Protein chains: 2
Amino acid sequence: MEKPPEKARRSIGAKRNPDSADAIRDAAEAVLLEAGYAGFSIEAVARRARAGKPTIYRWWPSKAALLLDVYQRQKRDIDYADTGSLEEDMFRFLKSLFRQWRETPAGNIFRSFVAEAQSDEAASAALADYMKERRAYNGRMVERAKARGEVAAGVDPTFVAEMLSGYAWIHLLTNRLDEDDETIRKAVRIIAKGLLAGP
Amino acid sequence: MEKPPEKARRSIGAKRNPDSADAIRDAAEAVLLEAGYAGFSIEAVARRARAGKPTIYRWWPSKAALLLDVYQRQKRDIDYADTGSLEEDMFRFLKSLFRQWRETPAGNIFRSFVAEAQSDEAASAALADYMKERRAYNGRMVERAKARGEVAAGVDPTFVAEMLSGYAWIHLLTNRLDEDDETIRKAVRIIAKGLLAGP
DNA sequence: TCTCCATCGAAACGGTACGTTCCGTTAAAT
DNA sequence: ATTTAACGGAACGTACCGTTTCGATGGAGA
């Protein structure tokens, strides 16, 4: 299970070896995928990458930093299409997010990151920053709908982002990412109806 | 910070010593309160309680089990009043939950438990059970509202519980339990409006 | 009353991971 | 040619894991 350590690399002189950095990131992702957060240790990553622990600590000051790096490296393939309907936009967003979290390492990585943020201050701050950016970004979905008259005045766009994130998080963190389309559809429909009526 | 270990207890014969059990639970709660999840270890709890580690492991098979025990021992002071208005019921529920999580150890304990569930299978199963029960319980709020005609037919009562929990969780896990009443009010109002319109 | 026995706190075990310090090697930078 | 910084590897001391062993305790059953 922890077999494939490639050939060890060497110093390439007085500068950072990008191969080592890549190998460490790859190994971190692989360990998270195969052993989950429970098996995610700096030592395991170092073994897997055939890297020295000092090399990891030189470039990533903490486990949280490595986690964040790996998470941000994940390819995002989330459906942010502007369909002209807020309900449809939200549905596609949630559905593609659930799928990505289910079918790629992203879900396990993000779960781990949220967990790490509960005990590590740096991870907590990074998560707060990240979520602030997500609220702003997803809020644009609502602003577009507002311009179309789908959302009542007085609705804070970031609130909707928060509802969607909360719905997604609780499913991720309790291993319930397998909700069917119908359930997700009903959820976003209720939110959309509420937003139309206004606060 | 870790000073107050009381006098060590002793065996009271061939039966469980309830004083030790209490001391261990008290110590676990105190460690979580003072040092958070990062400082929560079986050894720290044992030192604090002046108890032997085997005594802990004899009665709690894992850190997760102790966490769950401590969480369930928390006094619940959540407002489940039936006010005759779903919006008001939900508002009071969320407001009192936020307050309890902010002002008692319950918030830190539950955060820790959710984090533990991301790496411990037993904690994950216990959390799933617990949330299932919470969905059912909070769903009754919606069923009462349905009987009053405040909620459209076809709305799954547990869905609302999920929305409320998700909203609460994301605030707990990102250290944002200090939302003011107005924000919470707007949130539940949108949900209530959406539920009235139906899925 | 006397023996049995599950419990207690304490100490120590082997194992794992932490984060750090050395080491000899490498090759770019100067 | 010399200096400099990065590399992998090994070892360090610390902390916590979960378990075992120990002598002392005192209730339960013979």
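Per chain, numbering begins at 1; letters A, B, ... match sequence-line order. Since we're looking at a predicted model, the values are computed, not measured.
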Measure from CZ on R47(A) to P on dA10(D) and round the result to the nearest Å.
13 Å
Rounded to the Å, how far apart are R48(B) CZ and dC16(D) C1'?
18 Å
Any side-chain N or O of R16(A) under 4.0 Å from OP1/OP2 of dA5(D)?
no
Phosphate oxygens OP1/OP2 of dG8(D): is one of them under 4.0 Å from a side-chain N or O of T55(A)?
yes
Roughly, in whole Å, what's the span from OH in Y37(B) to P in dC16(D)?
14 Å
Taking only N and O in the side chain of R58(B), is any of them less than 4.0 Å away from OP1 or OP2 of dT19(D)?
no
Is there a side-chain contact between S20(A) and the phosphate of dA6(D), meaning an N or O under 4.0 Å from OP1 or OP2?
no
Proximity to the side chain of S11(B) - top-ranked nucleotide from dT25(D), dA6(D), dC17(D)
dT25(D)
Could you state the atom-to-atom distance from CZ of R9(B) to C1' of dC8(C) in whole Å?
9 Å
Please tell me if R10(B) has a side-chain N or O lying less than 4.0 Å from either OP1 or OP2 of dT25(D).
yes
Tell me whether the side-chain N or O atoms of S41(A) pair up with the base of dA17(C) as donor and acceptor below 3.5 Å, since no angle test is needed here.
no
Heavy atoms from C-beta onward define the side chain here; which of dT26(C), dT19(D), dA11(D) lies closest to that of K53(A)?
dA11(D)
Please determine, by modelled atom types, if Y37(A) and E116(A) share a side-chain donor-acceptor pair under 3.5 angstrom.
yes
Using distance alone, with no hydrogens and no angle criterion, decide if N175(B) and S124(A) have a side-chain donor and acceptor under 3.5 Å apart.
yes
Once you round it to whole Å, what is the distance between P of dT19(D) and NZ of K63(B)?
15 Å
Residue mapping more 5' on DNA chain C - nearest nucleotide basis, I42(A) or P54(A):
I42(A)
Please determine if a side-chain N or O atom of W60(B) lies less than 4.0 Å away from the OP1 or OP2 oxygen of dG18(D).
no
Rounded to the nearest Å, what distance is computed from the CZ atom of residue F40(B) to the P atom of nucleotide dA15(D)?
19 Å
So, is the end of the R76(B) side chain (NZ or CZ) under 6.0 Å from the ring centre of Y71(B) and within 45° of the ring's axis?
yes
Taken to the nearest whole Å, CH2/W59(A) to P/dG19(C) is 18 Å
Quick check: on DNA chain D, is the nucleotide nearest Y57(B) upstream (toward 5') of the one nearest I12(A), or the reverse? Name the residue that is more 5'.
I12(A)
Measure from the ring center of Y167(B) to the ring center of Y167(A) and say whether it is less than 6.0 Å.
no
Atom-pair distance (CG on L66(B); P on dC16(D)), nearest Å:
15 Å
Do R48(A) and D26(A) sit within salt-bridge range, that is, some charged N less than 4.0 Å from a carboxylate O?
no
With respect to the side chain of E43(B), which nucleotide from dA6(C), dA10(C), dC17(D) is positioned closest?
dC17(D)
